[in-house]
2 protein chains.
Amino acid sequence: MFVWNFRIMPKLKDQNKVEAIHKATIELITKTGFSGLKMAEVAKKSGVATGTLYVYYKSKEELINDVYVNTKKEISRAIINPEYLKDTFYDTFKAMWYGYFGYCLKHPEKMMFVEQFIYSGFISEVNISVTESYFEALNQFLIDGQKQGVIKDVDMEILKAYLQGSIHEIVKMVVKGAIELQKNDMHTCFTMAWNSIRK
Amino acid sequence: MFVWNFRIMPKLKDQNKVEAIHKATIELITKTGFSGLKMAEVAKKSGVATGTLYVYYKSKEELINDVYVNTKKEISRAIINPEYLKDTFYDTFKAMWYGYFGYCLKHPEKMMFVEQFIYSGFISEVNISVTESYFEALNQFLIDGQKQGVIKDVDMEILKAYLQGSIHEIVKMVVKGAIELQKNDMHTCFTMAWNSIRK
DNA sequence: AGAATAAATGAATATTTATTCACTATAAAC
DNA sequence: GTTTATAGTGAATAAATATTCATTTATTCT
């Protein structure tokens, strides 16, 4: 008769589908907000059946949390990059600032998704600390700058909030169409940022 | 028999109720986002029956738009205030900056509500131009500063985005509990803002 | 006080949307 | 190529939520 057939390798979930689902989720949330996200729309936009979403995720909430952690990791890599390390604090800061500004311009929907999510009250405690750890190196870099006396001795969180807030708002205006960024404007923005934190 | 009884003054809608409804709407949207707003929750929080909401507003969308226009007007008054007019550009700017920062600290839920709404895609064209008109005087003030050569010749929208973005982000951090603002910090923040736009 | 009108109510209804589930298609092991 | 397990499907169901409406309450005017 028959011997039982135990599977070694599970049949793989389609990585393209995962990416399509993430992409659709981010784009839809940017438009309609966290609570406005509809699973049917995610399914349609990512080209899978609604039921498939539940093969990948237990619930809408789990889907969104997964997308969040993923995106935060991607963002940390846009700021913290070995290539950005230069000889002076100023030059490294400049590289990081442009790295993040460039990322936001390229992926405004991801920037806005993360921004919305943080204040939505749906983020789990676990994910807060997981994602904070991604930015340890940035904190260390800024603390060093303060120790060297290159930048202002402001509370670290205020410093980061200030830098991030100005970038986000400008990018949002660009997306909205209220601002057309010329090459020169970007340089001016960086100068504004640097002047605000330098000692 | 009976003579018909035509009413001169309509029975008044309760202004306290309007205010309670607005307040509840703002607070709930801050927590759960635009689409997360539930009419039943608005009713409960503002102490009226669900049906009453439809006496005052045709739909949820109309309610939110009304709250938005109202809040924008209030915000414009927090920035543009005859008392703030001083002898120098610097002093007037300082008064305005503190006026807005103070308003945001006092009413973070209103600040966040407006921020969320702008990008929600539910704002009507009419309301965009109505609310923009509230800020004409601010634009004029900043243009004057540029003409006088006191502040950088940056695109006006970039300038405003930069100033607003940094304030918003810091206030959001304060609300989140990630920052504890000391008296001194506020002054430092102002200095950062001024250093970023001064010539 | 009594008639007319409009505000206010909240249970009932209509609509929207998350989730399930019976079924089909496909990949892994033999 | 046959078997088995799991991915994938989408119509059906369950749950959540906006809106309506018959009724009650309060206000204005004579």
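Lettering of chains follows the sequences in order, A, B, ..., and the numbering in each one begins at 1.
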Counting side-chain heavy atoms from C-beta on, which of [options] comes nearest to [X]?
X       : options               : value
B:Lys60 : D:dT19, C:dA18, D:dA7 : D:dT19
B:Tyr54 : D:dG8, D:dT19, C:dT9  : D:dT19
A:Thr52 : C:dA8, C:dT19, D:dG8  : D:dG8
B:Met39 : D:dA18, C:dT9, D:dT9  : D:dA18
B:Lys17 : D:dT20, C:dA8, D:dG10 : C:dA8

Check the pair B:Met39 / B:Thr50 against side-chain contact (heavy atoms from CB on, under 4.5 Å), numbers first and verdict last. CA-CA 7 Å; B:Met39 293 303 259; B:Thr50 55; 5.7 Å; no

Could you check how far [atom1] of [X] sits from [atom2] of [N], rounded to whole Å?
X       : N      : atom1 : atom2 : value
A:Lys58 : C:dA18 : NZ    : P     : 17 Å
B:Lys44 : C:dT9  : NZ    : C1'   : 17 Å
A:Glu61 : C:dT19 : CD    : P     : 9 Å
B:Leu37 : D:dA18 : CG    : P     : 7 Å
B:Tyr56 : D:dT19 : OH    : C1'   : 18 Å

Tell me which one of A:Ile151, A:Asn139, A:Asp153 satisfies side-chain contact (heavy atoms from CB on, under 4.5 Å) with A:Leu159. A:Ile151

Check this for me: B:Gln148, atom CD, are more than 12 non-hydrogen atoms of other residues, nucleotides or ligands nearer than 6.0 Å? yes

Any chance the side chains of B:Tyr57 and B:Asp66 put a donor and an acceptor closer than 3.5 Å? yes

Is the distance from OP1 or OP2 of C:dG10 to the nearest side-chain N or O of B:Thr50 less than 4.0 Å? no

Within the 4.0 Å heavy-atom criterion, would you say A:Leu63 contacts the bases, only the backbone, or no part of the nucleic acid? nothing

For this output row, return yes or no: ring centroids of B:Phe89 and B:Phe141 closer than 6.0 angstrom. yes

What I'd like to find out is whether the side chain of A:Glu169 reaches to under 4.5 Å of the side chain of B:Glu169, using heavy atoms alone. no

Would you kindly compare A:Gly51 and A:Lys38 by the position of their nearest DNA chain C nucleotide and give the one closer to the 5′ end? A:Lys38

Could you work out, with ring pair (Phe, Tyr, Trp, His ring centres under 6.0 Å) as the rule, every residue matching B:Tyr103, not counting sequence neighbours? B:His107

Tell me which residues in residues 20-30 of chain A put a heavy atom below 4.0 Å from DNA chain C, sorted by number, or none. none

